[in-house]
Amino acid sequence: MTHSHRGILVTAGLLWMAAVGVGFTFLLDYSVQAGAPAVAPSRWPSASRISAPAGHYALVMTVHPHCPCSRASVAELNNLMALLRHDNVKGYVLVVKPAEFSDEWTRTESVKSAERIPGITTLVDVDGVESGRLGAQTSGQVLLYDGAGRLAFAGGLTPDRGHPGDSPGRQRIVSLVKTGTADAKESKVFGCALGATICPPRPPASGKGL
Amino acid sequence: MNRLSERAQVLFREQVKARYVKADRMFAVLMIAQWIFAIVLAVFVSPYAWSGKVREFHPHLYAAVFLGGGIALFPVLLAVFRPGTMLTRQVVVASQMLWSALFIHLTGGRIETHFHVFGSLAFVAFYLEWPLLLTATLVVAGDHLARGLLYPESVYGIANPEWWRFLEHAGWVVFENIVLAWSCVRGMKEMKAMAVRQAEMEELKESEEAKTAALRMVLSELQPSVA
């Protein structure tokens, strides 16, 4: 092999490594890019069509039916509900649907999986009205209200975007329900935006948060 | 070094080279197949990212087409134009492990997709060159290390994993590597033994042919006197 051939190969190899490195960096950045956190009311919203928690925990997840990341969120919700099956937790999945779209639009695998989770009630949330009341902005957002209707936790259940697995969100919810305490009361949420026109982000002053 | 072992060495080198070329070509086909599979996977698993009513092509689709194409391109070119060289093997092996990382991303970190890492290590063993397993392991470890340092939650699921957590992941890879490295060493020994046997056969054949030629010569010298 001549010197010039070797030079071409080394340059090509370095360029290839750089290009692949940049590609994976972009992919990783996207994976860990959290969605907008919920601006959740500190008390259960009285206007909610879900009955207010009375002595039991209410756990609500908002889902965009077509968000690919929501498959992981729903899978983790399944795991979470299995862990909490002996605890006093009622679970709800709000499937956000624009009014002009048909009901068929919501019949995705994520929604069907959510319907199969024991202890979970799925509700179609037309134009995200209910999600808006809870300040949710991202698919996969989970809100936990305690038996007195106080916000106990707001966050997501996946470790990053669309990836199932053990996560701070799951650990904190389990700890809160089982022991009443956790190292934090929020976690990052990873998922598609529910849509600014569907659930407009509220100014921080309108919701006290945690 | 006597004549037999010299010939055995030549035969051994030829067989090893042929094996490398064959494995390079197999990986070239595998790279293209994996690229097509990645695109199909992205189309079916995560075609669109949504924002309310608005949808756009999902970044995974771009990753499958461009990053996947990038991962496959260089090793395929090397396998076609420079098969059997050390550089080709190293690039092919690194690429194969990068495919594992990409598939894990594209399938949303499914635990089942992590089996691709172990399958790929087994493919790498086709070369029967155990140091290539180190290259493969370094690529996997590098990916885990970088992500573990920058985004620990993306690897371990928790923000502050125990310092020894990576050992649990690495331990399974090392476990498979030990078995594969042993089989590589044995495979090479068998190839060497085959080369020695072939060299012996060739020498035997040459010696028999020489004997036959000598006999014919004697016979041809005897025939006129008999006549």
Side-chain angles (χ1 to χ4, degrees), chain A residues 1 5-6 9-10 12-13 15-17 19-33 64-72 75 96-98 100-101 127-128 139 158-168 170-171 183-184 187-188 190-199, chain B residues 42 44-56 58-64 66-75 77-78 81-82 85 87-88 90-91 94-95 98 101-102 104-111 139 142-143 146-147 150-161:
Chain A
M1 193 174 13
H5 275 144
R6 189 168 291 155
L9 275 178
V10 169
L15 282 174
W16 175 71
M17 280 194 281
V20 169
V22 168
F24 270 107
T25 306
F26 274 117
L27 197 55
L28 192 55
D29 272 344
Y30 174 76
S31 300
V32 296
Q33 208 174 78
H64 187 300
H66 288 268
C67 176
C69 317
S70 299
R71 276 193 288 266
V96 177
K97 179 185 87 77
E100 65 267 38
F101 287 13
D127 275 346
S139 185
T158 57
D160 54 36
R161 193 180 275 263
H163 286 208
D166 199 5
S167 69
R170 189 218 287 178
Q171 290 172 5
D183 63 337
S187 67
K188 288 177 185 170
F190 298 96
C192 304
L194 290 172
T197 54
I198 295 175
C199 29
Chain B
F44 281 99
V45 175
S46 45
Y48 299 109
W50 288 75
S51 177
K53 294 181 257 188
V54 183
R55 72 180 187 183
E56 57 187 24
H58 198 283
H60 280 179
L61 201 54
Y62 294 110
F66 296 109
L67 182 56
I71 291 171
L73 182 67
F74 193 41
L77 288 177
L78 285 175
F81 295 108
R82 294 191 58 78
T85 63
L87 176 71
T88 302
Q90 295 287 354
V91 171
S95 301
L98 290 174
L102 183 58
I104 289 167
H105 270 288
L106 296 182
T107 56
R110 278 178 76 88
I111 198 76
V139 174
D143 171 62
R147 284 198 294 144
L150 298 171
Y151 310 104
E153 292 167 38
S154 76
V155 186
Y156 305 108
I158 50 177
N160 300 302

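Labels below follow one simple rule: chain letters A, B, ... track the order of the sequence lines, proteins then strands, and each chain is numbered from 1. Everything quoted here is computed from the prediction, not taken from an experiment.
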K.L.:
So, for Pro68(A) and His58(B), which heavy atoms are closest and what is the spacing to 0.1 Å?
P.N.:
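Pro68(A) and His58(B) have their closest heavy atoms at CG-CD2, 3.6 Å.
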K.L.:
Based on non-hydrogen pairs under 4.5 Å, which of Gly191(A), Ala12(A), Ser187(A) is most in contact with chain B?
P.N.:
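Among Gly191(A), Ala12(A), Ser187(A), the one with the most close pairs to chain B is Ala12(A).
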K.L.:
Which heavy-atom pair separates His163(A) from His105(B) by the least distance, and what is that distance?
P.N.:
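Of all heavy-atom pairs spanning His163(A) and His105(B), the closest is NE2-O, 3.8 Å.
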K.L.:
With a 4.5 angstrom heavy-atom cut-off, could you sort out which part of Phe101(A) is near chain B: side chain, backbone, both or neither?
P.N.:
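Side chain of Phe101(A) only, per the 4.5 Å heavy-atom cut-off to chain B.
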K.L.:
Ignoring hydrogens, what is the shortest heavy-atom contact between Ala101(B) and Phe24(A)? Give both atom names and the distance.
P.N.:
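Closest heavy-atom pair between Ala101(B) and Phe24(A): CB-CE2, 3.8 Å.
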K.L.:
Is it the side chain or the backbone of Leu78(B) that comes within 4.5 Å of chain A heavy atoms, both, or neither?
P.N.:
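Contact with chain A is through the side chain of Leu78(B) alone.
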K.L.:
Is Arg170(A) close to chain B through its backbone or its side chain, or both, or neither, when contacts mean heavy atoms under 4.5 Å?
P.N.:
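Arg170(A) has no heavy atom closer than 4.5 Å to chain B.
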K.L.:
If you count heavy-atom pairs within less than 4.5 Å of chain B, which of Cys69(A), Cys67(A), Gly162(A) leads?
P.N.:
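Maximum pair count with chain B is reached by Gly162(A).
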K.L.:
Identify the heavy atoms of Trp16(A) and Ser95(B) that sit nearest to each other, and give their distance.
P.N.:
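For Trp16(A) and Ser95(B), the tightest heavy-atom pair comes out as CZ2-OG, 3.1 Å.
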K.L.:
Would you call the rings of Tyr30(A) and His60(B) parallel, tilted or perpendicular if under 30° counts as parallel and over 60° as perpendicular?
P.N.:
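Geometry flag for His60(B) against Tyr30(A): perpendicular rings.
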K.L.:
Could you pull out the closest heavy-atom pair between Ala63(B) and Leu27(A), with the gap in Å?
P.N.:
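Of all heavy-atom pairs spanning Ala63(B) and Leu27(A), the closest is CB-CD1, 3.7 Å.
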K.L.:
Against chain A, work out which of Thr85(B), Leu77(B), Val91(B), Leu98(B) has the most heavy-atom pairs shorter than 4.5 Å and name it.
P.N.:
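Top count of heavy-atom pairs under 4.5 Å with chain A: Leu98(B).
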